[in-house]
Amino acid sequence: MGKRGRASERKGIKNITGRPSAPGTPGTPGAPGTPGTPGVKSAKVHPGVLGGAAAVVVCGVGIAAYSLMGGSSGDDGGPTVDEKPVAAGPPTAAEVRATTQDFLAAWEKGDVAKAAALTDDRTAAKTALTAYAKDSHLTQVKLTPGKRAGAKVPFSVTSTVSYEGNSKPFAYESELSVVRRKHDGKTLVGWQPSVVHPDLKNGDRLVTGEAGDPPIKAVDRDGDELTKEKYPSLGTVLDSLREKYGDKAGGKAGVELRVVREDSAKDAEKSATTKDDAKATPDKTLLTLSPGTPGTPGTLKTTFDATLQAAAEKETGKRKQAAVVLVKPSTGEILAAANSKPTGFNIAFQGSLAPGSTMKVVTSSMLLEKKLAGVDKKHPCPKYVTYGGWKFQNDDKFEIKDGTFRASFARSCNTAFISQAKKLQDDSLTKQAQEVFGLGRDNWSIGVPSFDGAIPVQSDAQMGASLIGQGGVRMSPLNMASVAATVKSGTFKQPYLVSPDLDKRTLATAPRKMSGATASALRDLMHYTAVAGTAVKPMSGLGSDMGAKTGSAEVDGQKKPNGWFTAYRGDLAAGAVVQEGGHGGDSAGPLVRAMFLAGQ
């Protein structure tokens with residue numbers, strides 16, 4: 001296929017009428033639906049005036065500048081300064097060093113009031129440091145500053161956890177920043193909960209005591225143990241599994257130092273309505289006290305495949321901002337999930353990102369069912385199409401004259417899909433995604449927190465954009481792996497990580513099944529894309545029982561779009577995203593290829 005054919009994926013849609021392009025979402029949502037991660041999905045000096053003129057005096061070279069604050073008229077009418085100048089500008093190296101030393105010294109001595117007074121949020125700092133002293137049971141605390149980088153200073157913490165006659169050393173690294181208070185120029189520690197410990201967020205606490213949940217020994221489908229040390233991307237997943245299944249796995253709770261999240265009650269309330277009782281942000285165990293004290297773990301079997309999980313960790317580790325999920329189409333079992341940033345937000349399961357042209361798989365199923373397209377029927381792919389007041393185009397303004405729907409799907413022609421918008425209802429795509437692919441119904445219960453996709457009802461230009469995976473459409477790699485699995489098997493099977501037999505939960509189902517003819521047509525389209533379309537390179541040599549769809553999604557503020565890839569091979573289905581990766585076939589495609597080869 002020629003260069004112009006592949007280019008259609010690179011920029012998704014373009015609006016050439018001066019209106020802004022359909023918005024995108026950054027990788028880590030604030031939820032399900034990142035968003036993640038990510039999609040398009042994230043959140044959001046005046047000089048002093050004296051006598052009507054700005055006045056600034058520079059004192060020394062490379063030292064702080066000072067603003068003249070206040071003043072009065074003398075008997076001769078001339079201005080006189082009757083207040084001390086107030087420091088302004090970034091803290092100097094000497095100020096950063098002195099403020100850091102004073103703060104750490106007060107904290108180390110247990111002088112909470114003094115340490116809190118050396119921050120820019122005395123109340124919050126006092127609350128956090130008081131809880132630290134009371135709840136963590138850390139003794140012999142020693143704080144040692146490291147080499148500063150501007151106003152940021154890393155520091156190490158060494159201590160001993162002591163609880164009911166048991167003790168154990170505990171050490172970690174943290175960081176603080178020194179800021180200047182505007183009204184008096186004083187330098188202070190910019191307060192963040194992470195100063196106390198890098199895993200803390202607002203309202204979280206370090207607590208030593210009897211754990212609320214028994215520990216677990218998670219194993220893969222063949223009984224091999226899964227640990228966060230060996231598989232870093234499973235850190236938060238294992239924490240969530242422990243909270244949900246610790247008591248069901250037969251373990252016995254022990255004494256631990258752990259991060260207790262503020263949002264526990266909030267998550268519990270939310271999960272009661274979403275049918276998944278795992279916390280969005282689980283408590284995290286930092287240390288288990290001395291031998292003989294820790295609880296006995298219960299064994300919890302998961303659907304993971306250790307070999308595939310190891311491959312997923314390796315492949316995402318080679319890339320920046322990548323995430324991938326593999327599922328088994330015949331059952332819905334999740335076989336692997338990994339992120340480039342394993343200790344960060346779980347984009348693989350909870351990302352909320354615009355999926356770009358991979359969404360055309362869902363759109364195509366709708367057009368086929370509504371007889372608005374046929375695999376080898378003539379289908380328009382013009383340079384431009386206007387809908388809802390926006391003028392859409394294909395990248396490089398390519399067109400396919402007298403082409404078929406097969407050709408438009410394989411080359412990912414945007415206008416071939418948007419041209420059908422006028423024949424659809426505003427909720428047509430929403431219904432198709434929910435009723436056939438099980439997406440966007442907020443009822444998945446995979447065993448840990450997940451985003452179920454979002455396909456909101458939209459109108460005008462945004463509805464047109466949603467047909468090609470932009471507008472308000474949001475997906476995670478898990479969602480897109482499920483889309484490919486649904487095409488392969490012909491029916492939606494909710495992905496899951498822990499068998500529902502363990503806790504008698506009900507897996508989500510789709511209200512209706514696509515016809516055999518539609519499923520066969522989709523497999524034909526995806527296979528053709530893999531052998532003669534935009535997915536040729538990553539799918540080359542993988543046999544005949546396979547199919548794929550590439551995608552790219554524009555995101556405001558990014559130089560390059562997010563690259564997406566969804567595919568199946570035999571009884572494996574994958575969804576992957578590389579944020580700011582560009583064309584999906586070049587960025588996410590090789591990642592999926594490596595996973596398929598690992599699963600041979």
Side chain to side chain, [X] and [Y], heavy atoms closer than 4.5 Å:
{"X": "Glu313", "Y": "Ser233", "value": "yes"}
{"X": "Gln458", "Y": "Thr430", "value": "no"}
{"X": "Ser450", "Y": "Leu478", "value": "yes"}
{"X": "Gln470", "Y": "Glu554", "value": "yes"}
{"X": "Val325", "Y": "Asn479", "value": "no"}
{"X": "Cys413", "Y": "Phe398", "value": "yes"}
{"X": "Phe565", "Y": "Val577", "value": "no"}
{"X": "Ile455", "Y": "Met475", "value": "yes"}

Just checking, is any N or O donor in the side chain of [X] or [Y] under 3.5 Å from an acceptor N or O on the other one?
{"X": "Gln393", "Y": "Thr415", "answer": "no"}
{"X": "Ser156", "Y": "Glu173", "answer": "no"}
{"X": "Ser412", "Y": "Thr534", "answer": "no"}
{"X": "Lys360", "Y": "Ser357", "answer": "yes"}
{"X": "Asn346", "Y": "Asn339", "answer": "yes"}
{"X": "Lys431", "Y": "Gln434", "answer": "no"}

Within the distance-only criterion (no hydrogens, no angle test), does the side chain of [X] pair as donor or acceptor with the backbone N or O of [Y] below 3.5 angstrom?
{"X": "Ser174", "Y": "Ser194", "value": "yes"}
{"X": "Asp452", "Y": "Leu439", "value": "no"}
{"X": "Asp121", "Y": "Ala124", "value": "yes"}
{"X": "Gln309", "Y": "Ala337", "value": "yes"}
{"X": "Arg441", "Y": "Asn443", "value": "no"}
{"X": "Arg593", "Y": "Ser540", "value": "yes"}
{"X": "Gln558", "Y": "Lys560", "value": "yes"}
{"X": "Ser587", "Y": "His583", "value": "yes"}
{"X": "Ser364", "Y": "Leu522", "value": "no"}
{"X": "Gln494", "Y": "Ala508", "value": "yes"}

Exercise for review: Run the numbers on Asp239 and Lys228 for salt bridge (charged side-chain N to carboxylate O under 4.0 Å, His left out), then give the verdict.
Suggested key: CA-CA 9 Å; Asp239 289 336; Lys228 62 184 69 177; 3.2 Å; yes
Check your understanding: Aromatic rings Phe103 and Trp191: how do their planes relate, parallel, tilted or perpendicular, breaks at 30° and 60°?
Key -> perpendicular
Check your understanding: Which residues pass the salt bridge (Lys or Arg N to Asp or Glu O under 4.0 Å) test with Asp426, sequence neighbours left out?
Key -> none
Check your understanding: When you look at Phe492 and Ser482, which way does the side-chain contact (heavy atoms from CB on, under 4.5 Å) test go after all the steps?
Key -> CA-CA 8 Å; Phe492 167 71; Ser482 178; 3.6 Å; yes
Minimum heavy-atom distance [X]-[Y], with the two atoms named:
{"X": "Met595", "Y": "Ala336", "answer": "CE-CB, 4.5 Å"}
{"X": "Ala416", "Y": "His379", "answer": "O-NE2, 2.9 Å"}
{"X": "Pro495", "Y": "Ile446", "answer": "O-CG2, 3.1 Å"}
{"X": "Gln462", "Y": "Trp390", "answer": "NE2-CH2, 3.6 Å"}
{"X": "Gly464", "Y": "Ala421", "answer": "CA-CB, 4.4 Å"}
{"X": "Val361", "Y": "Lys549", "answer": "CG2-CB, 3.8 Å"}

Exercise for review: Kindly check if the number of other-residue, nucleotide or ligand heavy atoms within 6.0 Å of CZ (Arg319) is above 12?
Suggested key: yes
Practice item. Check whether more than 12 heavy atoms from other residues, nucleotides or ligands sit under 6.0 Å from atom CD of Glu175, and answer yes or no. Key: yes
Point to revise | Steps toward side-chain contact (heavy atoms from CB on, under 4.5 Å) verdict (Val189, Ser177) | key: CA-CA 6 Å; Val189 171; Ser177 295; over 6 Å; no
How far does [atom1] of [X] sit from [atom2] of [Y], to the nearest 0.5 angstrom?
{"X": "Lys488", "Y": "Arg569", "atom1": "NZ", "atom2": "CZ", "result": "12.0 Å"}
{"X": "Tyr231", "Y": "Lys314", "atom1": "OH", "atom2": "NZ", "result": "13.5 Å"}
{"X": "Thr386", "Y": "Lys422", "atom1": "OG1", "atom2": "NZ", "result": "10.0 Å"}
{"X": "Leu368", "Y": "Leu525", "atom1": "CG", "atom2": "CG", "result": "6.5 Å"}
{"X": "Asp427", "Y": "Gln432", "atom1": "CG", "atom2": "CD", "result": "11.5 Å"}
{"X": "Leu424", "Y": "Leu467", "atom1": "CG", "atom2": "CG", "result": "6.0 Å"}

Check your understanding: Does the separation of the ring centres of Phe417 and Phe405 fall below 6.0 angstrom?
Key -> yes
Review point. So, Glu95 and Arg180, do they make that salt bridge, N to O below 4.0 Å?
Key: yes
Study note, to complete from the structure: side chain to side chain contact (heavy atoms under 4.5 Å, CB included) test vs Leu200 passes for just one of Val259, Val195, Val260, namely Val259
Exercise for review: Quick one: do Thr529 and Val536 satisfy side-chain contact (heavy atoms from CB on, under 4.5 Å)? Show the steps, please.
Suggested key: CA-CA 7 Å; Thr529 302; Val536 168; over 6 Å; no
Exercise for review: May I have the step-by-step check of side-chain contact (heavy atoms from CB on, under 4.5 Å) for Thr358 and Trp564, ending in yes or no?
Suggested key: CA-CA 7 Å; Thr358 55; Trp564 282 86; 3.7 Å; yes
